[in-house]
Each structure stands twice: as structure tokens, then as C-alpha cells.
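Every value quoted in this text rests on a predicted model; they were computed, and no experiment measured them.
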Amino acid sequence: MPATVRHARREDVPAILSLIRELADYEHELQSVEATEATLLSTIAFADATSVSPSQETGLPVTEAPSPSKPARCLVLVTPEGTTAGIALYFYNYSTWRARPGIYLEDLYVKQTERKKGYGKRLLVELAKEVVAMQGGRLEWSVLKWNEPSIKFYEGIGAKMMSEWVGMRVDGEGLTKLAGLLG
């Protein structure tokens with residue numbers, strides 16, 4: 001029996017948080033994790049326990065509606081043994097030049113003990129299917145420069161490195177300062 005990929009339900013939150021912590025540890029940033037079960041419950045649009053996702057009619061997910069306070073969705077990969085072995089946390093974005101929606105993959109993680117089984121590819125395939133179903137323009141994400149195994153994996157599935165772009169971010173004190181710049 002193959003692994004199952006589905007949209008996260010509220011009862012998946014402890015496993016999701018555990019995988020987020022494992023990812024942060026892998027990236028040498030465990031001390032930076034601020035996520036809690038409560039904050040995940042309040043910021044992810046979940047599927048209910050009875051819904052079939054994606055919809056057979058549209059190919060789109062059946063979850064709570066994303067909103068400014070619940071912008072994220074999460075796919076979970078469950079092994080045949082019932083273990084949550086991977087997650088893909090994502091949200092919708094928009095291409096102004098294409099005038100089409102897309103998906104930004106915030107985090108993809110598969111437990112180290114469950115790698116080399118096609119699980120990462122499976123999660124990405126499901127996200128690509130969602131982009132195609134919504135007539136979107138692209139699926140995109142960032143990867144740490146030092147993470148050569150992931151870069152090779154992504155290139156192997158057809159992803160292209162966007163070397164002409166530089167990521168920018170404002171957070172913490174800088175975000176508060178920017179918000180107050182004009183009074």
C-alpha cells in the first residue's frame with residue numbers, strides 16, 4: 001500500500017510541529033522556531049476529517065478558506081504504517097506579468113529516516129497538480145545555498161535556480177520600524 005498525501009487536519013498539528021522542529025534542526029536554526037500548536041492551529045487552513053481532498057470535480061483542495069489570518073495550507077504525507085513522514089507548507093501567490101495565481105512552497109520536509117522513497121517528489125507532484133488545476137503560472141520556493149542534496153533533487157525534477165533574484169526580508173524590529181516610517 002502506498003503512502004497517502006492529503007491536506008492537513010487539525011489532529012495533524014502535533015506531527016506538523018514535530019517535523020517543523022526537525023527541519024529547523026537540520027538547518028541549524030532550532031532556536032529560531034516560534035511556532036506552537038496554538039499558532040499553527042490559528043494560521044493554517046485545515047481540511048476536516050471527512051473531506052476528500054482534492055475535489056474530484058475541480059482538482060482543488062477542500063479546506064477551510066485561506067484568509068489573511070489563515071494564509072497557509074499544509075499537505076501531509078502519511079506512510080502505509082500510519083506515520084506522518086513529510087509536510088509541504090504553502091500559500092498562494094500571484095504573478096503580475098502572467099496575471100495568474102501560483103503557489104509558494106514555504107517548507108518541504110521529509111523525515112531523514114523516510115528519505116529516498118519518493119516522498120519529497122510525491123509532495124511536489126501534488127502541489128504541481130494543484131497549480132495546474134487552478135490554471136496557475138508557477139510553483140516556487142527557496143532553498144539554502146549550502147543544501148546541495150536538496151538543490152540536486154530539485155534540479156532533478158525540473159526546477160531551475162533563479163540566480164538573478166535575491167531574496168529580501170523585513171522582520172522583527174525592522175518590520176515595526178518600517179510600519180511606522182511615515183508616522
Side-chain angles (χ1 to χ4, degrees), residues 2-8 12 15-35 40 43-45 47 53-54 59-61 63 66 71-80 83-171:
T4 303
V5 175
R6 60 172 172 76
H7 278 86
D12 295 317
I16 293 168
L17 183 57
S18 177
L19 291 170
I20 289 170
R21 290 182 172 282
E22 284 184 35
L23 170 61
D25 190 40
Y26 174 76
E27 294 182 351
H28 314 294
E29 289 290 336
L30 186 56
Q31 74 284 355
S32 299
V33 175
E34 296 178 14
L40 293 174
T43 56
I44 296 174
S53 191
L60 295 172
T63 68
R73 283 191 164 137
C74 182
L75 290 176
V76 294
L77 183 137
V78 182
T79 67
T83 302
T84 302
I87 56 171
L89 273 154
Y90 69 99
F91 55 89
Y92 298 111
N93 61 10
Y94 187 76
S95 169
T96 51
W97 290 2
R98 295 176 181 172
R100 291 170 64 182
I103 286 179
Y104 186 85
L105 174 60
E106 180 66 22
D107 281 312
L108 175 72
Y109 185 72
V110 175
K111 290 171 96 42
Q112 290 193 18
T113 58
E114 300 294 334
R115 293 185 184 166
K116 306 290 186 200
K117 298 179 180 180
Y119 292 166
K121 184 184 289 186
R122 179 89 187 277
L123 287 162
L124 286 168
V125 164
E126 293 302 322
L127 287 175
K129 286 179 182 178
E130 186 173 338
V131 174
V132 169
M134 68 183 183
Q135 299 177 346
R138 63 184 173 218
L139 170 61
E140 60 188 335
W141 61 92
S142 298
V143 59
L144 290 166
K145 290 179 182 179
W146 59 259
N147 194 344
E148 280 296 318
S150 292
I151 291 169
K152 286 180 180 172
F153 167 71
Y154 296 141
E155 289 175 337
I157 60 155
K160 295 178 187 140
M161 193 175 298
M162 304 291 293
S163 58
E164 69 275 8
W165 290 88
V166 175
M168 302 294 290
R169 178 180 297 162
V170 179
D171 62 4

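- Summarising the geometry, atom OH belonging to Y104 is positioned 9.0 Å from atom CG belonging to N93; distances are rounded to the nearest 0.5 Å.
- The two residues V5 and R122 make their nearest non-hydrogen contact at CG2-CG, 3.5 Å.
- Within the 4.5 Å cutoff, the side chain of W141 has no heavy atoms near those of the L108 side chain.
- Shown here is W146, whose CH2 atom has more than 12 heavy atoms of other residues, nucleotides or ligands within 6.0 Å.
- Within 6.0 Å of CD on Q135 lie no more than 12 heavy atoms contributed by other residues, nucleotides or ligands.
- Tested against E114, the residues Q112, K117, K111 include a single side chain to side chain donor-acceptor pair (under 3.5 Å) partner, K117.
- Just one of E29, H28, E34 meets the side chain to side chain donor-acceptor pair (under 3.5 Å) condition when paired with S32; it is E29.
- Minimum heavy-atom separation, A88 to L127: CB-CD1, 4.0 Å.
- Within a 6.0 Å sphere centred on CD of E164, heavy atoms belonging to other residues, nucleotides or ligands number more than 12.
- Proximity of F91 to I103: side-chain heavy atoms (C-beta onward) are nowhere separated by under 4.5 Å.
- Between V110 and G120 the shortest heavy-atom distance is CG2-N, 3.7 Å.
- A 4.5 Å side-chain heavy-atom check between V33 and L23 finds every atom pair outside the cut-off.
- Taking SG of C74 as the reference point, atom CZ of R6 lies at 9.5 Å (rounded to 0.5 Å).
- In terms of heavy atoms, L77 sits closest to A3 at CD2-CB, 3.8 Å.
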Report task. Before giving the answer on side-chain hydrogen bond (donor to acceptor under 3.5 Å, both in side chains), spell out for Y109 and E27 the whole-Å C-alpha distance, their side-chain angles and the decisive distance to 0.1 Å. Result -> CA-CA 11 Å; Y109 185 72; E27 294 182 351; over 6 Å; no

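- Within the model, atoms CZ of F153 and NZ of K121 stand 7.0 Å from one another, a figure rounded to the nearest 0.5 Å.
- If you check the side chains of E130 and Y90, you find a donor sitting under 3.5 Å from an acceptor.
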Report task. Evaluate the criterion side chain to side chain contact (heavy atoms under 4.5 Å, CB included) for residue pair I151 and E148; output intermediate values, then yes/no. Result -> CA-CA 5 Å; I151 291 169; E148 280 296 318; 4.1 Å; yes

Query raised in the report: Hey, mind stepping through I44 and R73 against side chain to side chain contact (heavy atoms under 4.5 Å, CB included) and telling me if it holds?
Result: CA-CA 5 Å; I44 296 174; R73 283 191 164 137; 5.5 Å; no

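- The line from CG of D12 to CD1 of I87 is 10.5 Å long, rounded to the nearest 0.5 Å.
- E140 is not listed as a side-chain neighbour of L105, based on a closest heavy-atom distance of 4.5 Å or more.
- The two residues P80 and Y119 make their nearest non-hydrogen contact at CD-OH, 4.0 Å.
- Side-chain atoms of I20 and S18, non-hydrogen and from C-beta on, never get closer than 4.5 Å to each other.
- Of all the heavy atoms in M134 and P101, the pair that sits closest is O-CG, 3.9 Å.
- Note that the CG atom of D107 and the CG atom of L19 stand 11.0 Å from one another [nearest 0.5 Å].
- A 4.5 Å side-chain heavy-atom check between R21 and L30 finds at least one atom pair inside the cut-off.
- Note that CD of E155 and NZ of K152 are 9.0 Å apart. Values are rounded to the nearest 0.5 Å.
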